[in-house]
Amino acid sequence: MAMIMNKCTSVTLTRKLSHPCCFSSDLFSLTANIRPLYPSTAKSFEFPALLLTFLNRYSVSPFHLNNANVHFTFDFNSFYVSFIDNSTHKTHLNQIHAHLLASGLQDCGFLITKLINVSCNLGEIRYACKVFDEFPDPDVFLWNAIIRGYSMHNMFGDVIEMYSRMQMAGVSPDCFTFSYVLKACSGLLALEMGWRAHGQILRHGFELDVFVQNSLVAMYAKCSQIRHARMVFDGLYDRTIVTWTSIISGYAQNGEPIEALRIFSQMRQSNVKPDWIALVSVLRAYTDVEDLEQGKSVHGYVIKMGLEYEPDLLISLTAMYAKCGQVTVARFFFNQMKLPNLILWNAMISGYAKNGYAEEAVGLFREMIGKNISVDSITVRAAILACAQVGSLELARWMDDYIMRSECRDDVFVNTALIDMYAKCGSLDFARIIFDRTLQKDVVVWSAMIVGYGLHGQGREAIDLYHAMKQAGVCPNDVTFVGLLMACNHSGLVEEGWELFHRMKDYDIEPRHQHYACVVDLLGRAGCLSQAYDFIMNMPIEPGVSVWGALLSACKIYRHVTLGEYAAEQLFSLDPYNTGHYVQLSNLYASVRLWDCVAKVRVLMKEKGLSKDLGYSLIEVNGKLQAFRVGDKSHPRYKEISVELERLEKRLKEAGFVPHTDSVFHDLNYEETEEILCNHSERLAIAYGLISTPPGTTLRIIKNLRACVNCHSATKFISKLVNRKIVVRDANRFHHFKDGVCSCGDYW
DNA sequence: GTAGGGTTAG
């Protein structure tokens with residue numbers, strides 16, 4: 001065997017190999033000959049395997065080796081490339097690096113570039129940096145390699161820093177550099193930087209590069225500049241699936257799912273076939289608009305394309321089903337997943353929470369914690385939303401306690417959700433504690449607290465907070481005013497509410513349906529029904545369900561049948577399948593004893609296949625929620641409850657309580673009516689609360705419907721008779737009963 | 001060696 005050194009970059013090997021069977025041992029001897037040249041590397045690598053790869057590259061088969069004198073050039077660069085490519089650890093790279101330096105190859109930039117790329121692939125970004133810094137005069141490839149390393153590890157700040165160092169070093173960027181830089185701008189939401197990069201791209205003449213173009217579209221979309229993204233997109237002649245996906249997801253991310261879907265159909269017309277990432281974006285848009293049918297058809301397409309095993313696409317499908325209310329289907333997918341990732345957990349939990357499956361949401365959240373799966377602020381927010389729905393203060397306390405010990409404790413979004421949760425679970429005091437300890441309160445934090453006060457009918461506190469908010473230099477928004485107007489309504493501050501409504505224009509806030517509905521409610525509460533009607537007629541926007549609903553409520557309170565009928569007509573045409581409107585009208589008729597009309601409404605409902613929602617009340621005792629339905633006798637302690645109920649009834653009568661009979665749905669005779677009223681679920685819950693808690697304990701009740709006049713009146717009496725605070729959350733708001741009065745001032 | 005995706009939403 002002969003070995004001729006050809007300077008430092010290659011050797012030529014000539015060898016006559018004797019026998020077919022000896023191939024591996026021949027390789028071994030070959031190795032043995034090379035080894036002294038490279039003592040350090042030879043020790044650490046699977047040298048023969050590498051050499052075999054190498055021989056293949058030069059089309060030297062074992063056959064050749066066995067039958068002829070083999071004569072080939074051993075190229076050192078390729079040799080190093082093989083070594084670098086096959087490295088699996090930093091120590092390998094370090095040896096090669098040392099060897100390169102020792103062989104005088106340190107100037108061979110492309111090998112160092114390779115070394116840096118592989119280091120970065122192995123996650124050794126610090127090491128890559130060290131190698132980079134030791135290289136005397138890096139070219140654009142080397143700069144790109146180190147920038148790529150930072151980019152692939154989402155270290156976008158470092159990408160930008162290296163980019164500016166590169167510019168200072170006087171090295172011109174290329175298309176690759178700009179792809180990385182734009183991606184970093186997207187990641188950092190650094191629009192200013194993105195603008196500058198765009199300018200430089202034009203100056204360098206890279207605006208026609210498809211990668212650069214796609215990166216620009218994505219950057220503008222991520223930085224909420226969807227119009228600019230669109231301008232770039234519209235200017236493109238060649239659009240790849242990546243371009244289309246960027247603009248589609250851009251619209252979806254910027255809250256314009258309809259436009260996203262419009263562009264998707266354009267894409268289909270251009271005969272561009274979607275891949276799984278494109279479908280993920282499309283699914284997101286259908287998820288946002290909660291279009292189950294279209295979502296399902298995407299699912300069909302996924303199956304047709306054979307993409308149903310793409311894990312991340314399955315996650316999007318699960319999220320779509322969960323958000324569109326198909327939680328059982330979603331759960332099926334969820335269960336199929338071997339190792340659900342955080343996004344999937346979040347999609348499932350928020351799907352449950354959003355669709356009223358609060359128990360399931362909380363259960364899944366507990367499961368995550370039990371399994372030590374790390375959660376993020378999105379998980380926590382979905383769980384908080386579920387707790388707010390459940391309405392259990394005990395559960396709310398548990399959630400709060402968990403968050404205090406987690407990394408989310410200073411997250412503004414999480415704290416806002418906590419304020420909302422406590423308010424909805426009946427405790428403004430705890431809501432206020434969260435509010436007070438939230439640093440850097442933004443307008444939404446202030447608004448959440450104001451809405452909380454509104455929910456509980458504490459109008460004065462809401463208005464005080466509004467002034468404090470302005471004092472703190474925070475500008476109110478439309479939600480703030482919804483909270484304020486609601487607060488005024490719920491506590492009878494008619495003048496103040498009217499005044500606040502007119503302050504909205506000082507902040508350039510266009511009133512929306514909710515604001516108008518609040519004003520109608522305010523006027524209605526004051527008994528100014530014709531003013532309320534005029535106000536509606538002069539609205540600059542078409543009055544919607546909430547506005548007519550407010551008018552109908554007021555008509556019911558003041559027994560104004562003709563106006564009430566008019567409002568109901570509007571409601572029936574806008575929202576024909578909402579049972580509540582029919583019940584309201586029926587109650588209005590009942591209040592003036594127009595039993596024929598009550599019957600007519602009942603027939604109307606029957607024709608439309610509607611039935612009155614079953615009322616139920618929940619009461620929390622020792623952290624457990626107990627449900628009571630109207631006339632429910634299934635409770636294990638029903639006997640005791642009914643004894644207590646009778647006792648209460650007797651005491652109520654003695655105290656001079658006269659049942660109101662006009663709020664019932666049926667035109668029954670007096671005795672029957674009274675009995676049904678007595679069994680109203682709220683009363684059952686109170687009776688149970690009284691027998692299962694020590695004297696003086698506040699009773700907390702949650703109802704699914706609005707409070708009825710009779711129960712409301714009775715609960716006022718009871719609060720005085722038994723000397724208890726009773727907090728009732730109905731479908732609309734909170735009632736705090738104490739000493740015979742309710743915080744709502746008898747208007748709700 | 002470059003570009004595109006998902007979970008929340010007061």
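We name chains A, B, ... by the order of the sequence lines, and we start the count at 1 in each one. In what follows, every heavy atom counts, from backbone to side chain, and hydrogens, waters and symmetry copies are set aside. Because the structure is predicted, anything quoted here is derived from the model rather than measured.
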Name the nucleic acid region contacted by [X], choosing base, sugar-phosphate or nothing; use a 4.0 angstrom heavy-atom cut-off, strictly under.
{"X": "A/Ala218", "answer": "sugar-phosphate"}
{"X": "A/Asp209", "answer": "nothing"}
{"X": "A/Lys183", "answer": "sugar-phosphate"}
{"X": "A/Lys222", "answer": "sugar-phosphate"}
{"X": "A/Asp420", "answer": "sugar-phosphate"}
{"X": "A/Tyr180", "answer": "sugar-phosphate"}
{"X": "A/Leu182", "answer": "nothing"}
{"X": "A/Trp276", "answer": "base"}
{"X": "A/Thr416", "answer": "base"}
{"X": "A/Phe178", "answer": "nothing"}

Nearest-angstrom distance from the residue atom [atom1] of [X] to [atom2] of [N]:
{"X": "A/Asn477", "N": "B/dA9", "atom1": "CG", "atom2": "C1'", "result": "14 Å"}
{"X": "A/Asp275", "N": "B/dG6", "atom1": "CG", "atom2": "C1'", "result": "14 Å"}
{"X": "A/Lys354", "N": "B/dT7", "atom1": "NZ", "atom2": "C1'", "result": "13 Å"}
{"X": "A/Tyr352", "N": "B/dT7", "atom1": "OH", "atom2": "C1'", "result": "16 Å"}
{"X": "A/Asn121", "N": "B/dG1", "atom1": "CG", "atom2": "P", "result": "9 Å"}
{"X": "A/Gln514", "N": "B/dG10", "atom1": "CD", "atom2": "C1'", "result": "12 Å"}
{"X": "A/Arg284", "N": "B/dA9", "atom1": "CZ", "atom2": "C1'", "result": "11 Å"}
{"X": "A/Asp174", "N": "B/dA3", "atom1": "CG", "atom2": "P", "result": "13 Å"}

Residue pairs passing the salt bridge (charged side-chain N to carboxylate O under 4.0 Å, His left out) test where at least one lies in residues 406-416 of chain A, sequence neighbours excluded: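 Pairs touching residues 406-416 of chain A that pass the test: none.
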
Tell me the salt bridge (charged side-chain N to carboxylate O under 4.0 Å, His left out) pairs involving residues 318-328 of chain A, sequence neighbours left out?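 Matches after skipping sequence neighbours: none remain.
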
Heavy atoms from C-beta onward define the side chain here; which of [options] lies closest to that of [X]?
{"X": "A/Ser179", "options": "B/dG6, B/dT2, B/dG10", "answer": "B/dT2"}
{"X": "A/Asn144", "options": "B/dT2, B/dT7, B/dG1", "answer": "B/dG1"}
{"X": "A/Val445", "options": "B/dG10, B/dG4, B/dT7", "answer": "B/dG10"}
{"X": "A/Ala347", "options": "B/dA3, B/dT7, B/dG4", "answer": "B/dT7"}
{"X": "A/Ser281", "options": "B/dA3, B/dG5, B/dG6", "answer": "B/dG5"}
{"X": "A/Asn117", "options": "B/dG1, B/dG6, B/dT7", "answer": "B/dG1"}

Tell me whether the ring of A/Phe413 lies stacked over the B/dG10 base, given a 5.5 Å limit on centroids and a 30° limit on the plane angle.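 Stacking between A/Phe413 and B/dG10: present.
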
Between the base of B/dG1 and the ring of A/Phe176 - centre-to-centre under 5.5 Å, planes within under 30° - is that a stack?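 Per 5.5 Å and 30° rule: yes, stacked.
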
Quick one: do A/Lys354 and A/Glu290 make a salt bridge, cutoff under 4.0 Å?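 Yes, this pair counts.
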
Taking atom types as they are modelled, is there a donor-acceptor pair under 3.5 Å from the base of B/dG6 to the side chain of A/Asn346?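 In this structure, the two groups form no donor-acceptor pair.
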
Tell me if the side-chain of A/Asn214 makes a donor-acceptor pair with the base of B/dG4, cut-off 3.5 Å, by modelled atom types.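 No pair found.
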
Could you pull out all residues at least two apart from A/Phe430 that satisfy side-chain contact (heavy atoms from CB on, under 4.5 Å)?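 Expected list: A/Leu393, A/Arg397, A/Tyr422, A/Ser427, A/Ile433.
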
Got a sec, which residues hit side-chain contact (heavy atoms from CB on, under 4.5 Å) with A/Leu202, two or more places apart in sequence or on another chain?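 Only A/His198, A/Glu207 meet the side-chain contact (heavy atoms from CB on, under 4.5 Å) criterion with A/Leu202.
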
Of all of residues 242-262 of chain A, which get a heavy atom below 4.0 angstrom from DNA chain B, listed by number?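 Within residues 242-262 of chain A, the residues near DNA chain B are A/Val242, A/Thr245, A/Ser246, A/Ser249, A/Gln253.
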
Test A/Trp446 against every option in A/Tyr453, A/Tyr466, A/Phe435 by the ring-ring contact (aromatic ring centres under 6.0 Å, His included) rule and name the one that passes.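 Exactly one pass, corresponding to A/Phe435.
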
Could you name each residue pair satisfying ring pair (Phe, Tyr, Trp, His ring centres under 6.0 Å) that touches residues 241-273 of chain A, not counting sequence neighbours?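 As it turns out, the ring pair (Phe, Tyr, Trp, His ring centres under 6.0 Å) pairs with a partner in residues 241-273 of chain A, which skip direct neighbours, are A/Phe233-A/Trp244.
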
Would one find a side-chain N or O of A/Arg148 under 4.0 angstrom from OP1 or OP2 of B/dG1?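 The answer is no; no side-chain N or O of A/Arg148 sits under 4.0 Å from OP1 or OP2.
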
Picking from A/His515, A/Arg512, A/Gln514, A/Met486, what satisfies side chain to side chain contact (heavy atoms under 4.5 Å, CB included) with A/Phe481?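 Output: one option passes, namely A/His515.
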
Worked check of side chain to side chain donor-acceptor pair (under 3.5 Å) between A/Thr243 and A/Thr240: CA-CA 5 Å; A/Thr243 332; A/Thr240 67; 3.1 Å; yes

